[in-house]
Asks: 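Dumping the structure here so I can ask a few things about it.
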Amino acid sequence: MTLVGLIIAIFGVAFVFGGHPVIAAMLLLLAWVLLVLDEDMKSG
């Protein structure tokens, strides 16, 4: 897990509890994409 992905995921969770589900979903999706890309780069 990259530090950037972790920070974005934390912000995503914070927005969920803050009442912004749309923003939270976008941030969590972005964090997931970064995680997948990071794993691809490590294996490749």
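Bear in mind that the values here come from a model prediction, so they are computed numbers and not experimental data.
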Asks: Please check if Phe11 and Val22 belong to a single hydrophobic cluster, counting links between Ile, Leu, Val, Met, Phe, Trp and Tyr side chain heavy atoms closer than 4.5 Å.
Replies: no
Asks: Determine whether Leu6 and Ile10 make a side-chain contact, defined as any pair of heavy atoms from C-beta on separated by less than 4.5 Å.
Replies: yes
Asks: Ignoring hydrogens, what is the shortest heavy-atom contact between Ala9 and Ala31? Give both atom names and the distance.
Replies: N-CB, 4.0 Å
Asks: Tell me whether Phe15 shares a hydrophobic cluster with Ile7, the cluster being built from Ile, Leu, Val, Met, Phe, Trp, Tyr side chains joined at under 4.5 Å.
Replies: yes
Asks: Output, in order, the C-alpha distance, side-chain angles, deciding distance and verdict of side chain to side chain contact (heavy atoms under 4.5 Å, CB included) for Ile23 and Leu27.
Replies: CA-CA 6 Å; Ile23 296 171; Leu27 286 172; 4.1 Å; yes
Asks: Check the hydrophobic clustering (I, L, V, M, F, W, Y; side-chain heavy atoms under 4.5 Å; chains of links allowed) and say if Leu29 and Met26 are grouped together.
Replies: no
Asks: From the options Leu30, Leu34, Asp38, Leu35, select the one residue that forms a side-chain contact (heavy atoms from CB on, under 4.5 Å) with Val4.
Replies: Leu34
Asks: What are the two closest non-hydrogen atoms of Ala24 and Gly12, and how far apart are they?
Replies: CB-O, 3.2 Å
Asks: Nearest 0.5 Å, what's the CH2-CG distance between Trp32 and Leu37?
Replies: 9.5 Å
